[in-house]
Amino acid sequence: MELFVTDLDGTLINNKREVTVYSKEVINKLIDEGVNFTVATARTPATAVEILDGLNLKLPIALMNGVVIYDTKELKYIDIKDIHKISANKVLDIFEKFNKNPLVYGIKENHLWVYHKNFEHIYEYNFYKERADKELKTFVEIVNYKEAIKDLSIINFVAFDTYEKIKGIAEEIEKVDGITVNYYRDVYEDCYFLEAYSNEASKANGIKYLSKYLNYDKVVCFGDNVNDLPMFELADEAYATANAAEKIKEIATDVIGSCEEDGVAKYLEERFKNKI
C-alpha cells in the first residue's frame, strides 16, 4: 500500500499561500478513489488547517517538521515531541548571546502559544501578521522568556535574520543535546529562517508515526527545501518541485512542475490517470 506525503510551502501551495481549486479537485478525487494522501510541513495547525480547508484529508498530518501529529477533523494534537527544559534554556542563552529575540512555541491544554519580544525586522512582523489572530494559536509579547515558558511544553524556536547571523546561531544550537536545527533562505522574504526543535522530531519520523493509522509499505513524497531531506531519505520515491533547492533536486527521484504550476497535483493526475 502506498502513502503519498507532500510539503506545503514551495510544494503544494503557491506563492499566494493557497492550494488551488484545481489541486483540491484532483487530490480529493484521488482520496475518494482510495489514494492515501497526507501532509508534512513546517507550519503549525493555526495556518495549515486554514490552508488545507477544502481538502478531504482522512489521515492525520505531520506539522512543525514532525514535532506534532495533528488531527484536522478533531482539531487535536495526537503526538507532541517537546524539548527538555534544560536544552530549551540553553537555546535561549544562545539567542541572548547573539542579541536575537526568537519566537518560542509551546503547547498547553491543546492550544499553541507563541512567546516573543519586540520585532526587529519587517520580515519578522510580516510573519507575525500573517499568523496572528488565529483561533488555534495565540501570540504573547513578553519581557522574560524563561519566566514565561516555565510551565509550558516547549516545542520550537523560530528566528529570522541575515545569513551570517542565522548561521552563527545555528552552529551554536547544534552543540546542544537533544536539538535539531535547520536554517535556509525563506520562501517568501529576503532573509534566512531558523527553526530548532527536538531531535526526536522530523518529517520522516512523523511519517513513521502514521503507520499506526495505515499499513503502508511504500512512501512517495514531494518537497522543495532542506527540511524535507529526512523525508526524502525515508521515501521510496521523492519528487522535487522545479522551484526546489538544488540539494533537494540532487537526491530526488525526479523533478516535477513548480508550486506555481500545480506540480504535485499534475504529477498525481498523470500517475493515476486511470482512476480519475
Side-chain angles (χ1 to χ4, degrees), residues 3 5-11 38-49 52 57 59-72 75-92 94-95 102-108 110-115 131 136-137 149 152-159 166 169-184 193-214 216 219 221-235 238 247-248:
L3 173 63
V5 186
T6 185
D7 172 46
L8 288 183
D9 295 272
T11 306
T38 191
V39 166
T41 175
R43 283 184 176 266
T44 71
T47 55
V49 168
L52 294 169
L57 299 174
L59 292 169
I61 60 178
L63 299 176
M64 303 180 79
N65 292 318
V67 169
V68 301
I69 306 297
Y70 195 76
D71 185 326
T72 59
L75 301 181
K76 181 180 178 181
Y77 291 91
I78 298 171
D79 186 61
I80 301 169
K81 298 288 190 292
D82 58 355
I83 299 171
H84 194 282
K85 274 291 191 297
I86 293 174
S87 295
N89 285 332
K90 287 181 179 178
V91 172
L92 286 172
I94 291 167
F95 279 113
L103 296 166
V104 182
Y105 291 70
I107 294 174
K108 188 175 183 179
N110 200 53
H111 189 79
L112 184 63
W113 300 85
V114 188
Y115 293 97
R131 292 157 174 80
L136 302 176
K137 175 164 54 179
I149 69 171
L152 206 65
S153 294
I154 301 305
I155 58 171
N156 201 24
F157 295 90
V158 165
I166 288 296
I169 295 170
E171 288 175 346
E172 290 292 312
I173 293 176
E174 284 172 351
K175 300 172 186 176
V176 178
D177 288 340
I179 301 290
T180 291
V181 59
N182 296 317
Y183 65 98
Y184 43 85
F193 175 89
L194 177 149
E195 53 197 346
Y197 46 89
S198 167
N199 64 1
E200 293 182 8
S202 69
K203 289 185 178 182
N205 286 343
I207 292 168
K208 290 176 184 176
Y209 187 90
L210 295 180
S211 64
K212 294 185 177 184
Y213 298 86
L214 181 72
Y216 63 83
V219 175
C221 72
F222 307 90
D224 75 303
N225 221 325
V226 294
N227 62 331
D228 294 316
L229 283 170
M231 180 168 71
F232 269 46
E233 291 165 354
L234 169 75
K247 187 179 286 189
I248 288 291

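All values reported here derive from a predicted model rather than from experimental measurement.
Between Ile149 and Leu92 there is a side-chain heavy-atom pair separated by less than 4.5 Å. Ile78 is not listed as a side-chain neighbour of Lys212, based on a closest heavy-atom distance of 4.5 Å or more. Residues Leu136 and Thr44 have side chains not in contact (no heavy-atom distance under 4.5 Å, counting atoms from C-beta outward). Counting heavy atoms from C-beta outward, Asn205 and Glu200 have side chains that stay 4.5 Å or more apart. Looking at Tyr115 and Leu152, their side chains come closer than 4.5 Å, going by heavy atoms from C-beta outward. Counting heavy atoms from C-beta outward, Trp113 and Lys108 have side chains that approach closer than 4.5 Å. The closest side-chain heavy-atom distance from Ile155 to Leu112 is below 4.5 Å. Inter-residue side-chain proximity for Leu8 and Val39 is flagged as met; some heavy-atom pair is nearer than 4.5 Å.
Here the side chain of Lys137 pairs no donor or acceptor atom with the backbone of Ala46 at under 3.5 angstrom. At least one donor-acceptor pair under 3.5 Å links the side chain of Asn110 to the backbone N or O of Leu75. With Lys247 contributing its side chain and Asn225 its backbone, the two residues share no donor-acceptor pair below 3.5 Å.
Checked by atom type, the side-chain pair Glu195/Tyr184 shows a donor-acceptor distance below 3.5 Å. Of the N and O atoms on the side chains of Asp177 and Ser87, not one donor lies less than 3.5 Å from an acceptor on the other residue. For Asn182 and Asn227, the side-chain atoms include no donor-acceptor pair closer than 3.5 Å.
Here Glu172 contributes atom CD and Lys90 contributes atom NZ; the two are 12.5 Å apart, rounded to the nearest 0.5 Å. The line from OG1 of Thr38 to CG of Leu52 is 8.5 Å long, rounded to the nearest 0.5 Å. Between Tyr70 atom OH and Met64 atom CE the span is 12.0 Å, to the nearest 0.5 Å. Between atom CG of residue Leu63 and atom CD1 of residue Ile80 there is a gap of 11.5 Å, rounded to the nearest 0.5 Å. The structure places OG of Ser202 at 6.5 Å from NZ of Lys208, a figure rounded to the nearest 0.5 Å. The distance from atom CD1 of Ile61 to atom OG1 of Thr6, rounded to the nearest 0.5 Å, is 11.5 Å.
Between Pro45 and Tyr77 the shortest heavy-atom distance is CG-OH, 3.5 Å. What you find for Leu229 and Ile248 is that their closest heavy atoms are CD2-CD1, 3.8 Å. Here the closest non-hydrogen pair linking Gly66 and Ala62 is CA-CB, 4.4 Å. Here the closest heavy-atom approach between residue Ile173 and residue Ala196 is recorded as CG2-CB, 4.1 Å. Scanning all heavy atoms of the two residues, the minimum distance from Ala40 to Met231 falls at CB-SD, 4.0 Å. In terms of heavy atoms, Asp224 sits closest to Asp9 at OD1-O, 2.9 Å.
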Residue pair Val67, Tyr105: steps toward the side-chain contact (heavy atoms from CB on, under 4.5 Å) verdict: CA-CA 11 Å; Val67 169; Tyr105 291 70; over 6 Å; no

CA sep, side-chain torsions, deciding dist, call: Asn199, Ile179, side-chain contact (heavy atoms from CB on, under 4.5 Å): CA-CA 5 Å; Asn199 64 1; Ile179 301 290; 6.0 Å; no

Full working for side-chain contact (heavy atoms from CB on, under 4.5 Å) between Val91 and Ile154: CA-CA 11 Å; Val91 172; Ile154 301 305; over 6 Å; no

Derivation of the side-chain contact (heavy atoms from CB on, under 4.5 Å) call for Phe95 and Leu194: CA-CA 11 Å; Phe95 279 113; Leu194 177 149; 4.0 Å; yes

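Of the options Thr41, Asp7, Asn65, a side chain to side chain contact (heavy atoms under 4.5 Å, CB included) to Asp228 is made by Asp7 and by none of the others.
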